[in-house]
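The next block holds one structure in the form of structure tokens; read it before the comments.
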Amino acid sequence: MKRPRLFTFDQPTPSATTHRLVDQDIVAVSQFDPPLIDYVFDVAAEMREMHERIGGTDLLRGKVLTCLFYEPSTRTSSSFIAAMERLSGSVIPITQGVQFSSVSKGETLHDTIRTLEQYSDVIVLRHPETGAAGIAAAAATIPIINAGDGAGEHPTQALLDLFTIKQERGTLDGLHVAMVGDLRYGRTVHSLTQLLLHYDVEFSFVSPELLRLPLPYMNQLKAANKTVHETYNVADVIGSADILYVTRVQKERFSDLTQYEEVKDYYRVTPEIMSHAKDNAIIMHPLPRVNEIDVRVDSDPRAAYFRQVKNGMYIRMALLAAVLGKA
Ligand code: ASP
């Protein structure tokens with residue numbers, strides 16, 4: 001007797017929620033409400049199970065992704081490429097620097113997007129300017145996925161961060177989340193903070209004065225009646241935080257590098273600091289890290305940042321399948 005297929009992704013069951021991402025751009029986290037987040041997490045969990053059991057599947061065979069990166073990337077670009085390849089799709093990788101493309105000849109973002117969409121089914125874009133993903137989405141007729149636009153947003157990172165919190169703690173409610181570091185320029189902080197507004201979360205923001213969370217995000221938190229603390233010192237939150245979300249100072253966003261020098265070593269999580277953290281606290285980081293987490297913390301079971309990296313591939317598999325109508 002023929003063994004039944006393990007995965008039947010090529011005949012998706014349409015539902016109101018799944019249809020919300022088909023052919024859509026993913027530009028900002030404001031597009032995601034809890035039912036849509038749950039759906040993405042369900043698909044990502046299926047992707048993980050599939051990956052662990054059989055490595056890959058042919059869900060996106062015949063589909064082409066262009067990765068267009070105007071800024072450096074390790075995890076975002078390679079996890080999108082891995083995601084596409086695990087699903088048997090193909091990739092046009094413009095990730096080694098747009099200096100090797102016609103951008104260096106002065107081509108506009110609009111024209112580059114209009115060109116690449118002729119070859120592709122979906123484009124993942126990273127760009128140094130806030131709002132660039134929205135401009136690309138307006139120019140394109142195929143889905144654009146924002147892989148970071150300047151100090152603006154990084155929605156796919158925020159989804160994988162949230163997925164990691166859920167996986168590590170089993171819930172998104174009743175948690176005290178402490179964001180540490182460059183809250184001013186850190187786009188992952190901006191996106192994750194907005195996603196967490198949907199849940200029963202207490203927030204602490206830990207940064208030097210210069211790198212405080214921008215006012216519009218603070219106002220959103222106030223409007224949502226969230227409990228919010230601000231402090232300069234990790235020691236103030238380490239004993240009560242469930243999630244310690246540490247970030248790098250975003251050197252590339254500083255116009256005055258002397259200011260960067262002043263704040264770059266402001267905080268550093270060490271095993272000594274972690275000795276004051278809760279037993280079930282989780283330490284996360286979108287990476288790359290510079291000096292803000294001591295490498296000796298890596299062997300602490302509470303250090304979740306490399307597990308977080310792997311979740312990035314599952315979330316991006318889910319999002320690619322969803323926008324291409326295969327989830
Ligand atoms: N990789 C993340 C980003 O692209 C975090 C960082 O670069 O610090 O925003």
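- No close placement of the His229 and Phe205 rings is indicated, their centers lying 6.0 Å or farther apart.
- With Ser120 contributing its side chain and Val64 its backbone, the two residues share no donor-acceptor pair below 3.5 Å.
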May I have the list of side-chain donor-acceptor pairs in residues 241-249 shorter than 3.5 Å, sequence neighbours left out?
unit_1: Asp242; atom_1: OD1; unit_2: Arg169; atom_2: NH1; d: 3.3
unit_1: Asp242; atom_1: OD1; unit_2: Arg169; atom_2: NH2; d: 3.3
unit_1: Asp242; atom_1: OD1; unit_2: Lys278; atom_2: NZ; d: 2.9
unit_1: Asp242; atom_1: OD2; unit_2: His176; atom_2: N; d: 2.8
unit_1: Tyr245; atom_1: OH; unit_2: Asp161; atom_2: OD2; d: 2.6
unit_1: Tyr245; atom_1: OH; unit_2: Thr188; atom_2: OG1; d: 3.0
unit_1: Thr247; atom_1: OG1; unit_2: Val180; atom_2: O; d: 3.0
unit_1: Thr247; atom_1: OG1; unit_2: Asp182; atom_2: N; d: 3.1
unit_1: Arg248; atom_1: NH1; unit_2: Glu252; atom_2: OE1; d: 3.1
unit_1: Arg248; atom_1: NH2; unit_2: Gln250; atom_2: OE1; d: 3.4
unit_1: Arg248; atom_1: NH2; unit_2: Glu252; atom_2: OE2; d: 2.9

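- Residue pairs meeting the ring pair (Phe, Tyr, Trp, His ring centres under 6.0 Å) criterion with at least one partner in residues 105-131, sequence neighbours excluded, are Tyr70-His127.
- Looking at Asp58 and Lys326, no side-chain N of the basic residue comes within less than 4.0 Å of a carboxylate O on the acidic one, giving no salt bridge.
- The ring-ring contact (aromatic ring centres under 6.0 Å, His included) search around Tyr185 returns Phe254, not counting sequence neighbours.
- The side-chain heavy atoms of Asp121 and Ile142, taken from C-beta on, include no pair separated by under 4.5 Å.
- Note: the hydrophobic cluster containing Met218 does not contain Leu210 (ILVMFWY, side chain heavy atoms under 4.5 Å, direct or indirect links).
- Between Glu168 and Arg307 a salt bridge is recorded (basic side-chain N to carboxylate O distance below 4.0 Å).
- Judged purely by atom type and a 3.5 angstrom limit, Glu292 has no side-chain atom pairing as donor or acceptor with the backbone of Asp265.
- Salt-bridge annotation for Arg253 and Glu71: present, with a side-chain N of the basic residue lying under 4.0 Å from a carboxylate O of the acidic one.
- Residues Ser88 and Leu60 fail the side-chain proximity criterion, which asks for heavy atoms closer than 4.5 Å.
- Residues Lys226 and Val201 have side chains not in contact (no heavy-atom distance under 4.5 Å, counting atoms from C-beta outward).
- Without hydrogens or angle criteria, His198 side chain to Phe32 main chain gives a donor-acceptor distance under 3.5 Å.
- The list of side-chain hydrogen bond (donor to acceptor under 3.5 Å, both in side chains) pairs with a residue in residues 131-141, not counting sequence neighbours, reads Glu117-Thr141.
- Every residue meeting the ring-ring contact (aromatic ring centres under 6.0 Å, His included) condition with Phe163, not counting sequence neighbours, appears here in chain and number order: Phe41.
- Under the 4.5 Å side-chain heavy-atom criterion for Ile, Leu, Val, Met, Phe, Trp and Tyr, Val234 and Val290 are members of distinct hydrophobic clusters.
- The closest donor-acceptor contact from the side chain of Asp294 to the backbone of Thr270 lies at 3.5 Å or more, if one exists at all.
- In terms of the side-chain hydrogen bond (donor to acceptor under 3.5 Å, both in side chains) criterion, Asp200 has no residue partners (sequence neighbours excluded).
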